[in-house]
Amino acid sequence: MPDPVPSASDLSPDTPTGLGVDVGGTGIKVGLVDLTRGDLIGDRLTRATPQPATPDAIAGTIREMVEEFDWTGPVGVALPSVIHEGVARIAHNIDGSWIGCDVVDLFDRHLPGRTVLMLNDADAAGLTEVHYGAGGGVDGLVILLTFGTGIGSALLLDGRLLPNSEFGHVIVEDIAGRGFDEAEHLASAAVRARDELSFADWAPHVSNVLRSIEDLLWPRAFVLGGGVSEAADEWFPLLENRTPVRAAVRLNDAGIIGAALYAAGHSGVLDLGGVLPDGGV
């Protein structure tokens, strides 16, 4: 049997703690987070994403999972969607009925009486990497890009989140001269797998995307995540853009940690020095 998840009653009162939820197309992960270190406390809980992945089905699963932790504090939820003015605007790998969903009302119904804060999943990962990972200690603009089925992105300026960027949809010119397309249609990890590209063949496409972004924003650093970041030593040296590139280090737990941090910061549990967007996203 799996180990039981840690209970809130087992936590040290001296450790600022949050609870984060990371919703993916295939799985939902929930964990308690030590907000001083940015580490999970005990084991995370994972459930399969319900199919169809409708708002009520996902929110109901999250309610059941949160209740297993005996947690009454703020809950942060990282969603594969743009959350703008409390409404989900897109739906990546979840049901299309999320588009236009009032997520504030949704979680008020499923987690009544609780403080629930929602944000984009790449934004959650970006917060994690800047506060606890590879983006720490960089003054100015840090851009996180996650390479997977698509390309997710997060912008953090001096640690302050600029929410809901979608650089995977930036239009760039194909290096083969075949025209223009979205960045994620040319350089995602899914494209690499589909076309059976070696790192040497794939890296020029990634470099092309990085150059297109850095010509617009001139960041101080890129943090690159996704499963391919585990092989950073094999392909980072092949990149030809000018901005320093760092490999994400939090990987599978970044969404949980960033969501917990976001909720704790907005609810006043933790003072983050004004680095979160006013009023949520």
Side-chain angles (χ1 to χ4, degrees), residues 22 24-27 29 78 80-82 90-94 120-130 133-136 138 141-156 164-255 258:
D22 185 12
T26 59
K29 300 177 290 188
S81 176
V82 165
I90 61 177
H92 290 319
N93 302 315
I94 50 177
N120 172 264
D121 52 0
D123 284 340
L127 282 171
T128 299
E129 291 295 337
V130 164
V138 179
L141 180 62
V142 175
I143 299 178
L144 169 92
L145 298 174
T146 58
F147 290 83
T149 304
I151 299 177
S153 62
L155 276 68
L156 293 107
N164 292 321
S165 63
E166 287 288 316
F167 280 111
H169 302 303
V170 167
I171 302 298
V172 299
E173 186 174 10
D174 186 350
I175 62 172
R178 294 174 299 202
F180 294 82
D181 206 340
E182 293 185 11
E184 64 183 30
H185 294 165
L186 300 173
S188 68
V191 168
R192 175 178 177 263
R194 182 196 68 197
D195 296 343
E196 299 181 342
L197 299 176
S198 67
F199 282 127
D201 290 332
W202 180 59
H205 295 281
V206 178
S207 297
N208 185 43
V209 170
L210 298 182
R211 286 193 298 264
S212 298
I213 295 172
E214 66 190 3
D215 284 347
L216 294 173
L217 294 175
W218 290 80
R220 297 290 183 87
F222 283 112
V223 175
L224 306 187
V228 289
S229 65
E230 297 183 47
D233 290 345
E234 297 184 49
W235 62 279
F236 276 26
L238 304 175
L239 297 174
E240 297 179 339
N241 64 296
R242 62 175 175 267
T243 305
V245 175
R246 302 180 177 190
V249 296
R250 292 306 181 125
L251 302 176
N252 291 332
D253 295 329

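We number each residue from 1, following the sequence as shown.
- Here Glu240 contributes atom CD and Leu210 contributes atom CG; the two are 11.0 Å apart, rounded to the nearest 0.5 Å.
- Under the 3.5 Å distance criterion, the side-chain polar atoms of Glu214 are matched with a main-chain donor or acceptor of Arg242.
- Minimum interatomic distance between Phe167 and Ala183 (heavy atoms only, all atoms of both residues): O-CB, 3.7 Å.
- Put simply, CD on Glu196 and CG on Asp201 are 11.5 Å apart, with the number rounded to the nearest 0.5 Å.
- Side-chain atoms of Asp22 never come within 3.5 Å of backbone atoms of Asp253 as a donor-acceptor pair (strictly under, hydrogens ignored).
- Between Glu166 and Ser153, the shortest heavy-atom contact is N-OG, 3.6 Å.
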| request: Might you work through the side chain to side chain contact (heavy atoms under 4.5 Å, CB included) test for Asn252 and Lys29, ending with a clear yes or no? | output: CA-CA 9 Å; Asn252 291 332; Lys29 300 177 290 188; 4.2 Å; yes
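- When all heavy atoms are compared, the tightest approach of Ala122 to Ala154 is O-CB, 3.4 Å.
- Taking every heavy atom of both residues into account, Gly148 and Ser188 meet most closely at O-CB, 3.5 Å.
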Would you be so kind as to tabulate the donor-acceptor pairs closer than 3.5 Å made by side chains of residues 217-230, with sequence neighbours excluded?
residue	atom	partner	partner atom	Å
Arg220	NH1	Asp139	O	3.2
Ser229	OG	Gly226	O	2.7

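- Under the 30°/60° scheme for interplanar angles, the aromatic rings of Trp202 and Phe147 are found to stand perpendicular.
- Within a 6.0 Å sphere centred on CG of Asp233, other residues, nucleotides and ligands contribute 12 heavy atoms or fewer.
- Distance CD/Glu184 to OG1/Thr146: 9.5 Å, rounded to 0.5 Å.
- Taking NE2 of His185 as the start and CD1 of Ile171 as the end, the distance is 8.5 Å to the nearest 0.5 Å.
- At a threshold of 4.5 Å between non-hydrogen side-chain atoms, the residues Ser165 and Leu155 count as touching.
- Looking only at distances, a side-chain donor or acceptor of Asn120 sits under 3.5 Å from a matching main-chain atom of Ser81.
- Looking at heavy atoms from C-beta onward, Val206 lies in side-chain contact with Leu239 at the 4.5 angstrom threshold.
- Remark: the backbone N or O of Asn164 is paired with a side-chain donor or acceptor of Asp123 at under 3.5 angstrom.
- Atom-to-atom distance recorded for Glu129:CD and Leu251:CG is 7.0 Å, nearest 0.5 angstrom.
- Distance CG/Leu144 to CZ/Arg246: 12.5 Å, rounded to 0.5 Å.
- Of all non-hydrogen atoms in Val191 and Leu186, the two that sit nearest each other are CG1-O, 3.8 Å.
- Of all heavy-atom pairs between Asn241 and Thr243, the closest is ND2-O, 2.9 Å.
- Legend: residues meeting side-chain hydrogen bond (donor to acceptor under 3.5 Å, both in side chains) with His205, ordered by chain and number and at least two apart, are absent.
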